[in-house]
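Read the structure below first, then the notes.
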Amino acid sequence: MRKVVLYISLSLDGYIADVGGDVGWLGGQDPDYTGDYGYEAFICTADTVLMGARTYRQVTEELSPDCWPYQGLETYILTHRPEPDTPERRFVDGSPTELLRRLRQEEGGNIWICGGADLIRQCMGEIDEFHLSIMPILLGNGTPLFPEGGPPLTLRLTDLRQENGVIDCVYQRR
């Protein structure tokens, strides 16, 4: 059975975007650093990406408007306003947990939950591994990764490393 992985960056105080939805603060302590914080090693394990409509818009309009960054990965965009599918992008209006349960049964690599916060909250019960890159910044406010008042979830730390001031943690469900 395929594994569902949340791979995401967040601020030290737990936000995945600032109050304006911006992620321009992502990065380590040296702004000229050119490492990838383990992204290339991670992406080799996945062949499917799930993202919400706001994350899709941010990727295609702000972060990578000229080039689709997930070439070769089957991408599902959860939205209430479906668009025409492309060979690599499928627009889905439905339950993300039902989609994940179906995808788990298919052959393939890991299923990456890319963002955003609403999708992550809906999929929390399906996530097998939490790969968190903690950025050296305190935002003070913004979009929290984890909702307040959610049920407890016990995890086991399986990997920990530091690169350019960014702490990379990998947790699995216990």
Side-chain angles (χ1 to χ4, degrees), residues 3-79 88-89 91 96 100 109-124 126-148 150 153 155 157-172:
K3 186 167 43 173
V4 176
V5 179
L6 171 63
Y7 181 91
I8 198 163
S9 298
L10 66 154
S11 66
L12 183 59
D13 51 353
Y15 298 103
I16 60 173
D18 67 17
V19 286
D22 186 46
V23 294
W25 49 268
L26 289 173
Q29 55 200 25
D30 177 1
D32 297 325
Y33 182 74
T34 59
D36 74 351
Y37 303 103
Y39 176 78
E40 196 61 42
F42 164 75
I43 204 65
C44 290
T45 69
D47 65 2
T48 305
V49 181
L50 260 68
M51 67 178 65
R54 281 184 288 229
T55 300
Y56 177 73
R57 184 206 52 78
Q58 188 173 44
V59 167
T60 57
E61 294 176 12
E62 298 170 28
L63 302 175
S64 187
D66 300 324
C67 170
W68 179 242
Y70 308 117
Q71 286 293 87
L73 301 175
E74 186 172 32
T75 303
Y76 291 87
I77 298 99
L78 281 291
T79 179
E88 290 183 330
R89 297 179 230 180
F91 296 87
L100 281 172
N110 290 341
I111 302 164
W112 170 24
I113 298 179
C114 177
D118 290 338
L119 177 63
I120 293 165
R121 288 181 192 120
Q122 292 177 64
C123 296
M124 193 63 73
E126 299 296 320
I127 298 171
D128 301 304
E129 185 174 283
F130 297 79
H131 191 136
L132 309 175
S133 296
I134 303 168
M135 300 292 138
I137 187 170
L138 295 168
L139 291 178
N141 202 348
T143 305
L145 174 56
F146 300 112
E148 281 190 36
L153 181 62
L155 305 172
L157 182 67
T158 59
D159 194 26
L160 177 67
R161 63 186 193 87
Q162 182 275 140
E163 186 176 340
N164 189 34
V166 174
I167 301 169
D168 205 38
C169 313
V170 179
Y171 292 94
Q172 293 180 345

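No experiment lies behind these values; they were computed from the predicted model shown. Position 1 is the first residue of the sequence, and the numbers go up from there.
Heavy atoms only, all atoms of each residue included: Asp47 and Gly109 are closest at OD2-N, 2.9 Å. Taking both residues in full, the closest heavy atoms of Ile8 and Cys114 are given as CD1-O, 4.0 Å, listed atom of the first, atom of the second, then distance. Taking each heavy atom of Asp18 and Trp25 in turn, the nearest pair found is N-NE1, 3.7 Å. The minimum heavy-atom distance linking Trp68 with Thr75 is given by the pair CZ2-OG1, 3.6 Å. Annotation for Gly115 and Thr55: closest pair C-OG1, 3.1 Å, computed over non-hydrogen atoms. Pairing each heavy atom of Val166 with each of Pro136, the nearest pair is CG2-CD, 4.0 Å.
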Practice item. Tell me, with the steps shown, if Arg89 and Tyr70 meet side chain to side chain donor-acceptor pair (under 3.5 Å). Key: CA-CA 10 Å; Arg89 297 179 230 180; Tyr70 308 117; over 6 Å; no

Practice item. Apply the test side chain to side chain contact (heavy atoms under 4.5 Å, CB included) to residues Ile43 and Leu73: give CA-CA distance (whole Å), side-chain angles for both, the deciding distance (0.1 Å), then the verdict. Key: CA-CA 9 Å; Ile43 204 65; Leu73 301 175; 3.5 Å; yes

Practice item. Please assess Glu74 against Tyr76 for the test side chain to side chain donor-acceptor pair (under 3.5 Å), listing each intermediate value before the final yes or no. Key: CA-CA 7 Å; Glu74 186 172 32; Tyr76 291 87; 3.2 Å; yes

Exercise for review: Test salt bridge (Lys or Arg N to Asp or Glu O under 4.0 Å) on Glu62 and Arg57 and set out the steps.
Suggested key: CA-CA 8 Å; Glu62 298 170 28; Arg57 184 206 52 78; 2.8 Å; yes

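The backbone N or O of Val59 lies less than 3.5 Å from no partner atom in the side chain of Ser64, so there is not a single donor-acceptor pair. Side-chain N or O atoms of Asn164 include one that pairs as donor or acceptor with a backbone N or O of Asp30 at under 3.5 Å. Judged by distance alone, with hydrogens and angles left aside, the side-chain atoms of Gln172 form no donor-acceptor pair with the main-chain N or O of Glu129 at under 3.5 Å. Side chain of Gln58 to backbone of Gly21: a donor-acceptor contact under 3.5 angstrom is found. Side-chain atoms of Asp128 never come within 3.5 Å of backbone atoms of Lys3 as a donor-acceptor pair (strictly under, hydrogens ignored).
With values rounded to the nearest 0.5 angstrom, Ile120 atom CD1 is found 9.5 Å from Phe130 atom CZ. Atom OG1 of Thr143 is separated from atom CG of Asp22 by 10.5 Å, given to the nearest 0.5 angstrom. Going from atom CD1 of Ile134 over to atom OH of Tyr37 covers 13.5 Å, rounded to the nearest 0.5 Å. To the nearest 0.5 angstrom, Met135 atom CE is 3.5 Å from Ser9 atom OG. The structure places NE2 of His131 at 9.0 Å from OG1 of Thr45, a figure rounded to the nearest 0.5 Å. Of the inter-residue distances, the one linking Ile137 atom CD1 with Leu10 atom CG reads 11.5 Å to the nearest 0.5 angstrom.
Residues Val23 and Leu63 form a side-chain contact, since some pair of their non-hydrogen atoms from C-beta on lies under 4.5 Å apart. Within the 4.5 Å cutoff, no side-chain heavy atoms of Asp159 are placed close to those of Cys169. Between Val170 and Leu132, every side-chain heavy-atom pair lies at or beyond the 4.5 Å cut-off. The closest side-chain heavy-atom distance from Leu155 to Leu153 is below 4.5 Å. Contact check for Val5 versus Ile111: no side-chain heavy atoms found under the 4.5 Å cut-off.
At a cut-off of 3.5 Å, with distance as the only test, no side-chain donor of Asn110 or Tyr7 sits close to an acceptor on the other residue.
A salt bridge between Asp168 and Arg161 is present, with a side-chain N of the basic residue lying under 4.0 Å from a carboxylate O of the acidic one.
Applying the side chain to side chain contact (heavy atoms under 4.5 Å, CB included) criterion to Pro144, with sequence neighbours excluded, gives Tyr15, Arg121.
Taking a 6.0 Å sphere around OH of Tyr171, one finds it holds 12 or fewer heavy atoms contributed by other residues, nucleotides or ligands.
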